[in-house]
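Written below as structure tokens is the structure these notes are about.
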Amino acid sequence: MADIVDTAVSAGSFTTLVAAVQAAGLVDTLKGAGPFTVFAPTDEAFAKLPEGTVEALLKDIPKLTKILTYHVVSGKVMAADVVNLTSAKTVEGSEVKIDASNGVKINDSTVTTADVAADNGVIHIIDSVLLPA
């Protein structure tokens, strides 16, 4: 198996996320021992943001880092565990809401694919970018 970063790279649908992780200097962290749970927005999810947002974030590393770490939870939280939770504390420090009443939603984002295994955690693919309050 591969770590979270290599798993995202090989999937091919996370080029924006991987570029953002690289720009924020988080590659080594996400290649670390973990385990981590990453709610990973696809390229289509980033494309839903207002035009120019991604480019602006790539120039504002502190804000970019805050947003990226808001997508990461310490520990390996599989889909079977998520259904028993109503929130999870992110690495950024604040919490995401979890609603498993009809599929799984993280805040207002839907998990489209759960439990993508990596050797240092798990990735849950989401359809929109999570923005901390």
Side-chain angles (χ1 to χ4, degrees):
M1 250 196 308
D3 62 48
I4 285 175
V5 175
D6 292 340
T7 300
V9 169
S10 65
S13 53
F14 301 105
T15 53
T16 307
L17 177 62
V18 170
V21 166
Q22 290 168 334
L26 294 172
V27 172
D28 288 344
T29 301
L30 290 176
K31 282 181 163 286
F36 303 106
T37 299
V38 177
F39 299 108
T42 60
D43 292 337
E44 291 79 21
F46 277 101
K48 289 182 188 177
L49 292 171
E51 195 170 328
T53 301
V54 173
E55 294 77 9
L57 287 172
L58 290 172
K59 294 179 183 135
D60 185 349
I61 300 307
K63 188 170 184 182
L64 178 64
T65 301
K66 182 177 175 73
I67 290 171
L68 291 173
T69 55
Y70 189 66
H71 288 78
V72 181
V73 173
S74 287
K76 187 173 185 177
V77 184
M78 303 301 285
D81 306 315
V82 168
V83 297
N84 299 316
L85 302 173
T86 56
S87 67
K89 186 170 177 145
T90 68
V91 172
E92 179 265 337
S94 53
E95 298 208 343
V96 289
K97 288 185 316 199
I98 299 171
D99 178 358
S101 61
N102 182 15
V104 176
K105 288 184 94 60
I106 308 299
N107 291 351
D108 296 323
S109 182
T110 301
V111 175
T112 56
T113 304
D115 294 348
V116 178
D119 61 15
N120 63 342
V122 61
I123 297 170
H124 301 295
I125 301 171
I126 56 176
D127 68 355
S128 56
V129 177
L130 304 174
L131 298 172

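When a residue number appears, it is its place in the shown sequence, counting from 1.
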>> Just verifying a value: how many Å separate D99 CG and L85 CG, rounded to the nearest 0.5 Å?
In response: 12.0 Å
> With a 4.5 Å heavy-atom cut-off, do T42 and F14 have their side chains touching?
Replying inline: yes
>> Would a single hydrophobic cluster contain both L26 and V5, if residues Ile, Leu, Val, Met, Phe, Trp and Tyr are joined by side-chain heavy-atom contacts under 4.5 Å?
In response: yes
>> We want to know whether S13 and D43 form a side-chain donor-acceptor pair, criterion being a heavy-atom distance below 3.5 angstrom.
In response: no
> In the single-linkage hydrophobic clustering (I, L, V, M, F, W, Y; side-chain heavy atoms under 4.5 Å), do V73 and F36 co-cluster?
Replying inline: no
>> Please check if the number of heavy atoms outside E55 that lie under 6.0 Å from its CD is greater than 12.
In response: yes
> Does the gap between the ring centers of H71 and F39 come in under 6.0 Å?
Replying inline: no
>> Is there a path of hydrophobic side-chain contacts, each under 4.5 Å between heavy atoms, that joins V96 and I67?
In response: no
> Is there side-chain contact between F46 and L17, with at least one heavy-atom pair below 4.5 Å?
Replying inline: yes
> What pair of heavy atoms forms the shortest contact from A45 to I126, and how long is it?
Replying inline: CB-O, 4.1 Å
> Where the side chain of T69 meets the backbone of V91, is there a donor-acceptor pair that is under 3.5 Å apart?
Replying inline: no
> Is K31 salt-bridged to D6, going by a charged N under 4.0 Å from an acidic O?
Replying inline: yes
> What's the shortest heavy-atom distance between Y70 and E95, and which atoms?
Replying inline: OH-O, 3.3 Å
>> Looking at every heavy atom in both L58 and A20, which two are closest together, and how far apart are they?
In response: CD2-CA, 4.0 Å
> If you round to the nearest 0.5 Å, how far is CG of D60 from OG1 of T53?
Replying inline: 12.0 Å
> Do you know the tightest heavy-atom contact between N120 and A33?
Replying inline: CB-O, 3.5 Å
> Can you get from V82 to V116 by hopping between Ile, Leu, Val, Met, Phe, Trp and Tyr side chains that sit under 4.5 Å apart?
Replying inline: no
> Taking side chain as C-beta onward, heavy atoms only, is H124 less than 4.5 Å from T37?
Replying inline: yes
>> Test of understanding: clusters of I, L, V, M, F, W, Y form through side-chain heavy atoms closer than 4.5 Å, transitively. Do V21 and I61 belong to the same one?
In response: yes
>> Does any part of the side chain of V72, heavy atoms only, come nearer than 4.5 Å to the side chain of L68, both counted from C-beta?
In response: no
> Hey, does the side chain of T7 reach the backbone of A2 with a donor-acceptor pair shorter than 3.5 angstrom?
Replying inline: yes
> Strictly by modelled atom types, are T110 and K105 linked by a side-chain donor-acceptor pair under 3.5 Å?
Replying inline: yes
> Would you find more than 12 non-hydrogen atoms of other residues, nucleotides or ligands less than 6.0 Å from D28 atom CG?
Replying inline: no
> Measuring from K66:NZ to T90:OG1, what's the distance to the nearest 0.5 Å?
Replying inline: 8.5 Å
>> I'd like to know whether CG of D108 has more than 12 heavy-atom contacts from other residues, nucleotides or ligands below 6.0 angstrom.
In response: no
> Which heavy-atom pair separates I106 from L130 by the least distance, and what is that distance?
Replying inline: O-CD2, 3.4 Å
>> Looking at every non-hydrogen atom in both residues, tell me the closest pair between L30 and I4 and how far apart they are.
In response: O-CB, 3.9 Å
> Ignoring hydrogens and geometry, is there a side-chain-to-backbone donor-acceptor pair from K63 to A56 under 3.5 Å?
Replying inline: no
